[in-house]
Amino acid sequence: KSEVNRLLSQLSINPNNMLIIMHQSMIDEFGAIDAQERLKSVEEAVGLYEYRDKILKAREKLSHTLSEEESVKAMLEEAQDTLDHWEEEYQRYLEKRELMEKKERLERMYIWSKWRKQKGRVDDLEAKLRDFREDHEEITKDFKAAGRKGEESKVDYEKLEHKIDSKYQELIDRERDRSRVKTKIEIIDDLEDLSFEGNPLAKMEWPVEDIESLKNDLEKVEDQIETVETSVVKLKEERGEKWEKYVDHRVRKAVLGFRRELLEKEISSLESELRRSRRELKELRAEAEEEGAKIDTEREPREVLEDIRVTNAQLAGLDDVSSDAEKMYKNYKELLEELEERAKEAGENRRKALEELELRREKWRKNLRNLLKKTRVTYKKILDRVNAVGDVRLINPEDIDDAGLELLVGFRGAEPQTLDAYTQSGGERSTSIMCFLLALQQYIKSPIRGLDEFEIHMDPQNRQAMLRQLLELMEESEAQYLVITPGRLVEVEEVPNVIAVQNMAGSSEVKVTT
């Protein structure tokens, strides 16, 4: 059966479509089915079902696209939530990394600031040592000069002592001379006093010029004594000055010597401290170079150390930050970007699916409306032959699931009503449906049509009119019709290619009528 149906479908023959093979009582069934099923039968008979099928496939595709889009959106929302979490963790990770870099930089700055401070200390010690050495050199120079000047003052003092001694000796000599001259003068004066009368020496004569000479000598000696005494006084004063200078030079030399000794101790202490500081500076340099490149900073080590403590406190609050935060954030960011691209693609697919669906719907509606427009004209003409009026109406064309086909008919001057099982009689329903089927015949794709007792509920007049219309259609169509009827065929003489098979006394008799 499946193989037969497949072969028939290739010929556009569907034996299950009541518009192609209308079995007995199928007219009643066609009138009883709902408008939606009626429309589907018409579509299949006229070859429009592929439009419906394409719409359904497009809708299924859209549904699949929407489902995929919803799935991607759900994944996107979930990924966004996860990304938000890891982004927060990543920001904390960046903060932690920045703090760690800051700590590393601060630690490097700390060791270099210690080196800089130690370098400044060494420079200060070197400058101080230079100043002390310069002072020591000056003091040593002044010390030697003081010693030399002291020796010179001592020599000068000793020379003055010698001069004073000489002057005292000269003074003594002049005193002796004066004493000798005075003695002579006194003796002469005493002798003059002895020249009284009766003294034998009274008659002696003394040389006047000798006494005068002695007096002159005495004056000269006294002048010399005065000169020597004056010279001695001056020499003593000069000796005092020389002594004071000598003492000053000795004191200055002693002070300078004491100062030089203190400086030598200071220099020795500074040299020792400088050696130790240079050694520490060298060690700090090696330690700092191990930490990294030199950082020029004017900050004090204690200030940098305080910053390190603060940074460590901040890092303590980020201990729970995962080391995989960056990796997870980047992975989810890439995933989110991929999902966003997929969502964009899904949105584009949805748009295209909607466009395709709407295009399919529009083609379906357009072809269906064209079909019904043409069918409506023929339907009304055929109804007019049986004294009826009517119309064909497409309902809910915007929704393919609710879209349906309604037949309207009114007999003997009545207003057209929707064809259903309650409004019209059986004959009216059969006649109306037959009129519609006849109007539709020229659009049915099947090369074979089958009708089994279509006129069972019709009155003779309507049956004759329907049969006449059917025969007219046969003349215009290349399709083959198999008509089973209990009634007599009339007016077939002018119709070509009519083969009648009639049951006569229990046997079939084939007769070519025309």
Side-chain angles (χ1 to χ4, degrees), residues 12 14-23 25-63 354 356-383 388-411 414-446 449 451 454 457:
S12 299
N14 182 3
N16 297 314
N17 190 311
M18 63 183 65
L19 298 180
I20 297 175
I21 307 297
M22 184 171 289
H23 301 285
S25 75
M26 277 193 178
I27 287 183
D28 291 336
E29 186 179 341
F30 186 78
I33 62 176
D34 58 29
Q36 287 74 28
E37 289 300 319
R38 188 179 297 135
L39 179 62
K40 290 179 182 178
S41 297
V42 170
E43 289 174 359
E44 185 179 24
V46 299
L48 295 180
Y49 194 79
E50 62 176 326
Y51 290 98
R52 175 181 289 271
D53 187 54
K54 288 181 178 179
I55 290 174
L56 294 176
K57 288 180 179 179
R59 191 169 67 178
E60 183 181 358
K61 180 180 179 182
L62 176 62
S63 177
L354 280 170
E356 181 181 359
L357 178 61
E358 188 56 35
L359 179 64
R360 299 297 182 190
R361 284 174 176 170
E362 186 59 32
K363 286 184 177 181
W364 170 74
R365 285 191 291 265
K366 181 179 179 182
N367 283 278
L368 200 56
R369 282 170 178 157
N370 288 336
L371 172 68
L372 296 182
K373 181 179 179 181
K374 297 175 182 177
T375 305
R376 181 181 293 111
V377 175
T378 306
Y379 178 58
K380 288 181 178 182
K381 288 180 179 179
I382 297 174
L383 283 175
V389 293
D391 199 0
V392 180
R393 184 169 63 189
L394 181 65
I395 61 173
N396 301 321
E398 301 303 322
D399 187 351
I400 194 169
D401 292 323
D402 292 334
L405 181 66
E406 286 186 347
L407 300 179
L408 288 83
V409 63
F411 286 90
E415 288 293 324
Q417 299 292 326
T418 303
L419 183 67
D420 56 35
Y422 309 102
T423 306
Q424 292 83 14
S425 65
E428 290 176 341
R429 287 198 303 275
S430 298
T431 301
S432 300
I433 293 172
M434 194 60 193
C435 288
F436 174 73
L437 294 179
L438 292 173
L440 195 64
Q441 286 302 306
Q442 58 184 319
Y443 306 110
I444 294 176
K445 299 298 182 181
S446 175
R449 322 287 166 80
L451 288 85
F454 67 90
H457 297 298

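At least one side-chain heavy atom of Leu405 sits under 4.5 Å from a side-chain heavy atom of Leu372. With a 4.5 Å cut-off on side-chain heavy atoms, Phe436 and Thr375 count as touching. Residues Leu48 and Val42 are not in side-chain contact: their nearest non-hydrogen atoms beyond the backbone lie 4.5 Å or more apart. With a 4.5 Å cut-off on side-chain heavy atoms, Leu408 and Leu419 do not count as touching. Between Leu56 and Arg52, the closest side-chain pair of non-hydrogen atoms falls below 4.5 Å. The side-chain heavy atoms of Lys380 and Val389, taken from C-beta on, include no pair separated by under 4.5 Å.
Nearest approach of Ala388 to Phe411, heavy atoms of both residues: CB-CD2, 3.5 Å. For Ile382 against Cys435, the heavy-atom pair with the smallest separation is CG2-SG, 3.4 Å.
A salt bridge is absent between Glu356 and Lys54: the closest approach of a Lys/Arg side-chain nitrogen to an acidic carboxylate oxygen does not fall below 4.0 angstrom.
Judged by distance alone, the side chain of Asp420 and the main-chain N or O of Thr423 form a donor-acceptor pair under 3.5 Å. Arg393 contributes no side-chain N or O that, together with a main-chain N or O of Glu406, makes up a donor-acceptor pair within less than 3.5 Å. Of the possible polar contacts, one joining the Glu428 side chain to the Ser425 backbone as a donor-acceptor pair under 3.5 Å is found. With Arg376 contributing its side chain and Asp391 its backbone, the two residues share no donor-acceptor pair below 3.5 Å.
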Requested in this report: Please lay out, stage by stage, how Glu358 and Lys363 fare under the test salt bridge (charged side-chain N to carboxylate O under 4.0 Å, His left out).
Outcome: CA-CA 8 Å; Glu358 188 56 35; Lys363 286 184 177 181; over 6 Å; no
Query raised in the report: For Asp401 and Arg59, what are the C-alpha separation, side-chain angles and deciding distance, and is it a salt bridge (charged side-chain N to carboxylate O under 4.0 Å, His left out)?
Result: CA-CA 11 Å; Asp401 292 323; Arg59 191 169 67 178; 2.5 Å; yes
Query raised in the report: For Lys57 and Asp53, what are the C-alpha separation, side-chain angles and deciding distance, and is it a salt bridge (charged side-chain N to carboxylate O under 4.0 Å, His left out)?
Result: CA-CA 6 Å; Lys57 288 180 179 179; Asp53 187 54; 3.3 Å; yes
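One distance of note links CD1 of Ile400 with CD of Gln36; it measures 11.5 Å at 0.5 Å rounding.
Screening Trp364, Tyr49, Tyr51 against Glu43 for a side-chain hydrogen bond (donor to acceptor under 3.5 Å, both in side chains) leaves a single residue, Trp364. Test Arg365, Lys366, Lys373 against Arg369 for side-chain contact (heavy atoms from CB on, under 4.5 Å) and you get one pass: Arg365.
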